[in-house]
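Quick notes on the structure that follows.
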Amino acid sequence: FDKTGTLSLGRPELAETLALGAFSSDQVLAGAAALNQHVNHPLAEALRAIAASKIAPTAMPILQGAAEVVYGRGVQGKLQDGRTLICGNLLYMDQHKVPLDDAAMTAAAWEERGRSLVWLAELSPTPTLLGVMAFRDSVRPEAQAAVTRLLQGRYLLAVLSGDNKHNTLSVAKRLGIGQTTGEALPQDKIHEIQKRQKWGEVIAMVGDGMNDAPALAAADLGIAMCNGVAAADAAAPVRLLRDDLRLVPALLSLAKMAHGMMIVNICWAIIFNMIALPLAIIGQVPPHLAALSMGLSSLAVVGMALSLKWWRPHV
């Protein structure tokens with residue numbers, strides 16, 4: 001499972017803001033929202049919504065051209081006043097050698113409480129941290145029921161998330177999922193899936209975002225959430241038609257039933273032909289009865305397959 005937007009609702013709320021230097025909290029929010037104005041991610045959408053409600057349009061920074069998105073890390077853009085800003089996760093700050101100074105302890109405390117952090121920094125003349133925002137996101141109300149049903153079905157569950165390790169582990173522990181990988185880039189998710197496939201595991205990946213699309217394509221079965229981005233829908237052969245995580249165990253249950261029915265029908269057809277054809281050839285069965293029994297066997301196979309129409313998920 002992906003975490004944000006999959007195991008969680010994907011509707012983050014701003015919980016705390018730490019502004020540094022001469023920047024105010026609103027300026028930090030405005031800068032981050034300006035950089036993320038075209039990014040398809042729940043945190044980016046939350047930034048834009050909060051900025052629209054708190055900050056006047058005339059006070060919003062204006063970008064020179066389009067911002068550069070680094071999936072799994074953050075976004076970088078140049079403002080009309082010439083400053084270059086970056087906004088993203090801690091790995092993105094480390095990549096640009098942004099010193100965290102006194103913000104590190106505050107951020108660590110927020111992460112311990114299960115917050116997702118968004119950092120804002122200026123690159124010129126030297127990398128300087130401008131602020132950090134902490135978001136809280138609720139676990140889906142039906143996620144526990146979905147996970148419990150999958151565990152009862154003896155599926156091995158894991159979380160692959162681009163969010164920080166503390167938050168990923170917190171959500172996984174709450175739901176009873178034992179394996180987690182946090183701060184995972186899209187290529188990290190692919191590597192994890194391919195590694196497990198080499199071990200002989202058959203992998204189903206459930207996700208909703210742009211960062212999940214490569215993993216959805218690499219998995220043996222990609223499952224896109226109902227409200228996922230277009231890239232996730234295109235990469236996954238299965239798309240849930242309702243925003244309900246319990247459809248995942250229901251889908252796998254139906255797939256098992258369909259597979260079992262297919263095996264039964266094939267065996268039924270083989271056994272019938274092994275018995276009926278030799279008897280018809282040696283004349284032990286009249287031709288009209290042989291033709292009738294062949295038609296009845298076909299009707300039986302079709303009837304058994306159609307019985308799946310009465311299957312209903314326990315949702």
Side-chain angles (χ1 to χ4, degrees), residues 1-12 38-45 69-73 137 139-147 149-151 153 155-163 168 171-172 175 177 179-259 262 308 311 313-315:
F1 290 96
D2 170 51
K3 185 189 74 66
T4 305
T6 302
L7 290 174
S8 69
L9 289 171
R11 295 194 290 269
H38 298 299
V39 179
N40 289 318
H41 189 278
L43 287 173
E45 293 171 1
V69 179
V70 181
Y71 291 107
R73 286 284 197 264
D137 190 10
V139 173
R140 287 180 176 273
E142 79 279 5
Q144 186 63 72
V147 167
R149 197 162 296 158
L150 288 169
L151 291 174
Y155 290 97
L156 178 64
L157 306 184
V159 182
L160 294 176
S161 175
D163 203 352
T168 303
V171 170
L175 295 174
I177 300 175
Q179 300 188 25
T180 65
T181 301
E183 299 174 1
L185 295 172
Q187 57 266 32
D188 296 330
K189 295 183 180 183
I190 294 176
H191 175 74
E192 182 67 21
I193 288 172
Q194 291 176 339
K195 179 180 70 175
R196 291 175 177 273
Q197 287 171 331
K198 287 179 181 177
W199 294 346
E201 296 181 3
V202 180
I203 305 297
M205 174 71 189
V206 189
D208 72 307
M210 185 75 73
N211 296 350
D212 303 318
L216 292 171
D220 297 284
L221 174 62
I223 304 173
M225 296 295 290
C226 173
N227 296 323
V229 301
D233 286 345
V238 175
R239 180 177 184 265
L240 302 182
L241 297 182
R242 294 205 311 274
D243 196 25
D244 190 335
L245 208 57
R246 292 173 296 177
L247 292 180
V248 173
L251 163 70
L252 298 178
S253 172
L254 177 59
K256 277 189 173 182
M257 287 187 63
H259 183 263
M262 197 164 55
L308 290 173
W311 177 88
H314 300 292
V315 177

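This is a predicted model, so every value here is computed, not measured. Below, all heavy atoms of this structure are taken into account, side chains as well, without hydrogens, waters or symmetry copies.
L7 is not listed as a side-chain neighbour of V139, based on a closest heavy-atom distance of 4.5 Å or more. Side-chain contact between I203 and L221 is absent, with no heavy-atom pair separated by less than 4.5 Å. At least one side-chain heavy atom of L247 sits less than 4.5 Å from a side-chain heavy atom of D244. Taking the side chain as every heavy atom from C-beta outward, L185 and R73 approach each other to under 4.5 Å. Side-chain contact between M262 and H259 is present, with at least one heavy-atom pair separated by less than 4.5 Å. Counting heavy atoms from C-beta on, the side chains of R242 and M225 never come closer than 4.5 Å. Using a 4.5 Å cut-off on side-chain heavy atoms (C-beta onward), L252 and Y155 make contact. Residues L9 and P141 form a side-chain contact, since some pair of their non-hydrogen atoms from C-beta on lies under 4.5 Å apart.
Expressed to the nearest 0.5 Å, how far CG of L251 lies from NZ of K256 amounts to 12.0 Å. Rounding to the nearest 0.5 Å places CG of L175 at 11.5 Å from CZ of R140. Within the model, atoms NE2 of H191 and OG1 of T181 stand 10.0 Å from one another, a figure rounded to the nearest 0.5 Å. Taking CE of M205 as the reference point, atom CD1 of I223 lies at 10.0 Å (rounded to 0.5 Å). How far CG of L43 is from CG of D137: 8.0 Å, rounded to the nearest 0.5 Å.
Across all their heavy atoms, P237 and G222 have their closest contact at CD-O, 3.3 Å. A pairwise comparison of heavy atoms in P42 and G10 identifies CB-O, 3.4 Å as the closest pair. Closest approach of I190 and A215 over heavy atoms only: CG1-N, 4.1 Å. Residues A146 and P249 share a closest heavy-atom pair of O-CG, 4.0 Å. Across all their heavy atoms, I193 and A219 have their closest contact at CG2-CA, 4.0 Å. Taking each heavy atom of P214 and P186 in turn, the nearest pair found is CG-CB, 4.2 Å.
Remark: Q187 engages no residue in a side chain to side chain donor-acceptor pair (under 3.5 Å) (not counting sequence neighbours). With sequence neighbours excluded, no residue forms a side chain to side chain donor-acceptor pair (under 3.5 Å) with E45. Take T180 and apply the side chain to side chain donor-acceptor pair (under 3.5 Å) test, not counting sequence neighbours, and it matches no residue. Under the rule for a side chain to side chain donor-acceptor pair (under 3.5 Å), the partners of N227 that lie at least two apart in sequence or sit in another chain are D243.
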Worked verdict on W311 versus S253 for side-chain contact (heavy atoms from CB on, under 4.5 Å) = CA-CA 10 Å; W311 177 88; S253 172; 4.0 Å; yes
Run the numbers on V248 and R149 for side-chain contact (heavy atoms from CB on, under 4.5 Å), then give the verdict.
-> CA-CA 10 Å; V248 173; R149 197 162 296 158; over 6 Å; no
After noting the C-alpha distance and the side-chain angles of V171 and V159, does the key distance pass the side-chain contact (heavy atoms from CB on, under 4.5 Å) rule?
-> CA-CA 9 Å; V171 170; V159 182; 6.0 Å; no
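A donor-acceptor pair shorter than 3.5 Å can be found between the side chains of D208 and T6.
Side chain of D163 to backbone of T168: no donor-acceptor contact under 3.5 angstrom is found. With hydrogens and angles ignored, the 3.5 Å screen pairs no side-chain donor or acceptor of E142 with any backbone N or O of R246.
Residue pairs meeting the salt bridge (charged side-chain N to carboxylate O under 4.0 Å, His left out) criterion with at least one partner in residues 179-192, sequence neighbours excluded, are D2-K189, K189-D212, E192-K195, E192-R196. Listed by first and then second residue, the side-chain hydrogen bond (donor to acceptor under 3.5 Å, both in side chains) pairs involving residues 229-238 are D233-R239 (not counting sequence neighbours).
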